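Report on one structure; see the data block that follows.
Here the structure is a predicted model, which means the values were calculated and not measured.
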Amino acid sequence: MSTRQSFIAVAGATGNLGSLIALSLRRRNIQVKALVGPGTAASRTQTLRDAGVTIAEVEITNVLSLTKNLEGASIVVSALQGLRDVILGVQGTLLNAAVAAKVPRFIPSDFALDFTKTTPGSNRNLDLRRDFHAKLNESGIKWTGIQCGALMELLTSRQFPLINDKFRRVLYFSNADQKLDFTTISDVAAYTAAVAADPNPTPKTLRIAGSSLNAKDLSTIVSQVHGQKYTPMWAGSVGFLQTMIPILKFLIGGVEDKLLPPWQGLQFLENMFSGKGQLDSLDNDRYPELVWTTVEQSLKEVDAEKSRST
């Protein structure tokens with residue numbers, strides 16, 4: 001009779017989110033196996049090794065090899081990022097291996113807006129995740145998807161172009177009262193680890209956000225943090241976004257090979273400001289030990305980092 005200890009397998013563990021999930025699990029004293037590609041540089045896994053994560057080099061498109069590495073796992077967590085070849089292809093192979101290895105649970109790489117409500121065809125990256133849910137349902141495995149709104153770092157680092165510091169404006173489309181959901185990567189990772197470690201059954205969808213706020217709220221917060229008045233500014237309608245997306249898609253292309261072309265960013269803005277991607281109810285309180293980072297805290301951290309680097 002085998003006495004081998006169970007473990008949690010993490011795919012995509014050398015990425016930002018995946019590594020934080022693995023480290024969060026180790027802080028819970030849980031055995032973790034990181035699935036990485038053959039020949040992955042030691043520098044990319046050193047932090048994981050130092051934390052006690054087992055590194056398994058495996059060809060992630062090889063079902064037999066993956067199945068062997070997943071035997072004994074209590075759950076597979078996917079933090080894989082990419083387009084169709086990754087979200088449906090590689091992640092699909094991972095799912096097949098998990099089923100073959102009789103792994104009881106699976107967390108897919110969702111980590112986005114509530115795409116259960118968005119219109120099919122309105123957001124390529126979210127459509128891929130919706131299509132993968134169909135694969136999960138067909139597989140028979142128990143699974144839980146985690147939806148977190150937009151990543152807060154994209155907002156506070158200004159990669160998401162809503163805060164305009166030059167003109168001290170906060171941009172919005174159509175409605176300044178539309179709530180937008182944001183969560184930091186570290187908070188997403190901590191929550192995912194809590195779900196993966198949960199001995200109790202978890203629902204198919206869990207929704208979390210560190211902050212849910214509209215353009216007016218964001219203007220007030222940025223004004224307080226920077227000590228200068230920021231005001232909301234109408235940047236166009238949701239209909240304008242819907243018109244521009246196919247034009248940019250035609251001019252730029254990249255439907256099959258560009259992860260975040262400009263039109264993809266507009267698709268996310270359309271989903272957010274139309275309200276279709278909004279998280280209607282939150283499950284933050286499911287794990288009361290977790291502490292959530294707000295937009296105000298994140299902005300202060302970004303400003304402090306800027307001060308240290310100048």
Side-chain angles (χ1 to χ4, degrees), residues 7-37 40-56 60 73-82 86-87 90-91 94 105-113 125 129 143-157 159-160 181-198 202 206-211 259-260 282-284 286-295 297-302 304-305:
F7 62 91
I8 292 176
V10 180
T14 56
N16 192 2
L17 176 59
S19 63
L20 290 175
I21 292 171
L23 295 174
S24 292
L25 287 166
R26 287 299 299 138
R27 283 193 287 273
R28 292 174 174 268
N29 200 31
I30 292 172
Q31 295 300 311
V32 180
K33 179 185 286 189
L35 306 175
V36 305
T40 298
S43 60
R44 298 184 63 193
T45 60
Q46 192 58 55
T47 300
L48 297 174
R49 294 179 192 275
D50 292 343
V53 174
T54 299
I55 306 299
I60 204 162
S74 60
I75 184 171
V76 172
V77 179
S78 172
L80 296 168
Q81 296 296 321
V86 176
I87 299 302
V90 175
Q91 191 173 224
L94 181 66
R105 299 170 60 211
F106 195 101
I107 295 178
S109 185
D110 286 359
F111 313 120
L113 313 180
N125 288 9
R129 285 156 172 78
W143 61 275
T144 296
I146 299 170
Q147 297 169 354
C148 59
L151 294 177
M152 195 178 293
E153 288 84 354
L154 297 179
L155 172 70
T156 55
S157 68
Q159 295 178 61
F160 211 57
D181 305 302
F182 297 97
T183 314
T184 63
I185 297 173
S186 59
D187 285 354
V188 174
Y191 193 89
T192 303
V195 175
D198 196 336
T202 53
L206 289 168
R207 300 173 176 88
I208 58 172
S211 287
L259 184 60
L260 285 173
L282 299 180
D283 300 292
N284 291 30
R286 183 179 178 89
Y287 305 103
E289 73 274 15
L290 300 181
V291 178
W292 298 90
T293 305
T294 64
V295 164
Q297 292 170 315
S298 186
L299 283 169
K300 289 178 179 179
E301 290 172 5
V302 169
E305 182 60 32

Looking at every non-hydrogen atom in both residues, tell me the closest pair between [X] and [Y] and how far apart they are.
{"X": "Gly82", "Y": "Val86", "answer": "CA-CB, 3.9 Å"}
{"X": "Ala79", "Y": "Ser109", "answer": "C-OG, 3.9 Å"}
{"X": "Leu23", "Y": "Ala51", "answer": "CD2-CB, 3.4 Å"}
{"X": "Val10", "Y": "Ile21", "answer": "CG2-CG2, 4.5 Å"}
{"X": "Leu290", "Y": "Arg28", "answer": "CD2-NH2, 4.1 Å"}
{"X": "Ala9", "Y": "Leu35", "answer": "CB-CD1, 4.4 Å"}

TODO: Output all residues satisfying side-chain contact (heavy atoms from CB on, under 4.5 Å) with Asp198, sequence neighbours left out; order by chain, then residue number.
DONE: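 Asp198: side-chain contact (heavy atoms from CB on, under 4.5 Å) contacts with Asn200, Thr202, Arg286, Tyr287.
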- [ ] Can you tell me which residue pairs pass the salt bridge (charged side-chain N to carboxylate O under 4.0 Å, His left out) test with a partner in residues 41-55, sequence neighbours excluded?
- [x]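 Of all non-adjacent pairs touching residues 41-55, none passes salt bridge (charged side-chain N to carboxylate O under 4.0 Å, His left out).
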Between [X] and [Y], is any pair of side-chain heavy atoms under 4.5 Å apart?
{"X": "Arg129", "Y": "Pro108", "result": "no"}
{"X": "Cys148", "Y": "Asp181", "result": "no"}
{"X": "Ile208", "Y": "Asp187", "result": "no"}
{"X": "Ser78", "Y": "Leu94", "result": "yes"}

Open item on the list: Would Glu153 and Ser298 count as a side-chain hydrogen bond (donor to acceptor under 3.5 Å, both in side chains) here? Give the steps.
Closed with: CA-CA 8 Å; Glu153 288 84 354; Ser298 186; 5.9 Å; no
Task: Any residue meeting salt bridge (charged side-chain N to carboxylate O under 4.0 Å, His left out) with Arg26, in chain and number order, not counting sequence neighbours - done: none
Open item on the list: Suppose we screen for salt bridge (charged side-chain N to carboxylate O under 4.0 Å, His left out). Which residues come up paired with Glu301, at least two apart in sequence or across chains?
Closed with: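 Not a single residue meets the salt bridge (charged side-chain N to carboxylate O under 4.0 Å, His left out) criterion with Glu301.
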- [ ] Quick one: pull up OG1 in Thr183 and CG in Leu151 and give me the separation to the nearest 0.5 Å.
- [x] 7.5 Å
Open item on the list: With rounding to the nearest 0.5 angstrom, report the CG to CG distance, Leu260 to Asn125.
Closed with: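 Leu260 CG to Asn125 CG: 6.0 Å, rounded to 0.5 Å.
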Kindly list each side-chain donor-acceptor pair under 3.5 angstrom involving residues 189-197, sequence neighbours excluded, with atom names and distances?
residue : atom : partner : partner atom : Å
Tyr191  : OH   : Asp283  : O            : 2.8
Thr192  : OG1  : Val188  : O            : 2.7

- [ ] Mind checking side-chain hydrogen bond (donor to acceptor under 3.5 Å, both in side chains) for Thr294 and listing every partner two or more places apart, or none if nothing turns up?
- [x] Gln297
